[in-house]
Amino acid sequence: MRLRATAGIVAATGVFFSAPTAALAADGSEPGVSKIAGACAELTDQGAGWAELRNDCPWKIKGSVVLSSEDTPACAQIAPHGTNTVTWEGDGTAEYAIDCPAPAAARPAR
C-alpha cells in the first residue's frame with residue numbers, strides 16, 4: 001500500500017528524477033571536448049625544452065604553450081585528433097596549451 005501511495009504522490013506532484021544518459025570522461029568532461037571553452041589544443045606531456053600537444057577537435061589547428069617564463073614558442077600545426085611537439089630554447093616549463101589564432105584569410109566571415 002505504501003508503494004502505491006508514494007507513486008501517487010510522485011505522479012500528482014509531477015516530480016521526476018532521471019540520471020543523465022550521456023557518458024562522461026573520468027574527470028567529468030565530455031570525451032573529446034577541451035576543458036577550456038573554444039580551445040582545441042591540450043598539453044599532454046613535456047620535458048626540458050619541449051611539450052607535446054594533442055588536438056581534441058576534428059579539424060586542423062595550430063597550437064603552442066605558454067611557458068613559466070611567460071614566453072610562447074612558435075605555433076605547431078596539429079592534425080585533427082593528432083599530436084605534435086613544440087620546442088624552445090632557454091628556461092621555462094609549459095604551463096598550459098593555447099590555440100594559435102588563425103590567419104585572417106582562414107577566419108570565417110562575420
Side-chain angles (χ1 to χ4, degrees):
M1 191 67 158
R2 288 185 186 189
L3 182 59
R4 287 185 184 182
T6 303
I9 292 169
V10 169
T13 61
V15 176
F16 181 72
F17 298 99
S18 72
T21 57
L24 298 178
D27 66 358
S29 64
E30 292 181 36
V33 176
S34 183
K35 293 166 192 59
I36 300 172
C40 296
E42 186 79 29
L43 176 62
T44 59
D45 198 7
Q46 68 173 303
W50 66 272
E52 184 179 78
L53 302 177
R54 180 183 66 236
N55 177 1
D56 286 342
C57 294
W59 51 81
K60 181 173 44 177
I61 67 162
K62 288 189 176 186
S64 188
V65 292
V66 174
L67 301 176
S68 57
S69 62
E70 299 185 10
D71 290 333
T72 301
C75 296
Q77 187 168 292
I78 311 170
H81 301 291
T83 61
N84 203 347
T85 302
V86 294
T87 60
W88 61 91
E89 299 283 329
D91 295 334
T93 57
E95 295 289 322
Y96 55 91
I98 59 169
D99 291 7
C100 296
R107 292 183 193 143
R110 291 183 185 226

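Keep in mind it's a predicted model, so treat the numbers as computed, not measured.
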For [X] against [Y], the heavy-atom pair lying closest together:
X	Y	value
A39	C57	O-SG, 4.4 Å
C100	G63	SG-C, 3.7 Å
P73	T87	CB-O, 3.6 Å
P80	P58	CB-C, 3.6 Å
H81	D56	CE1-O, 3.6 Å
S64	A74	OG-O, 3.7 Å

### Task
Look only at the side chain of N55 and the backbone of A79, and say whether a donor-acceptor pair between them is shorter than 3.5 Å.
yes

### Query
Quick one: does T93's side chain have a donor or acceptor within less than 3.5 Å of a partner on S68's backbone?
no

### Query
Who else is in L67's hydrophobic cluster (ILVMFWY, side-chain heavy atoms under 4.5 Å, direct or via others)?
L43, L53, W59, I61, V65, I78, V86, W88

#### Entry: Other residues, nucleotides, ligands: >12 heavy atoms within 6.0 Å of D91 CG
no

### Query
Atom CD of E52 and atom OG1 of T85: how far apart are they, to the nearest 0.5 Å?
5.0 Å

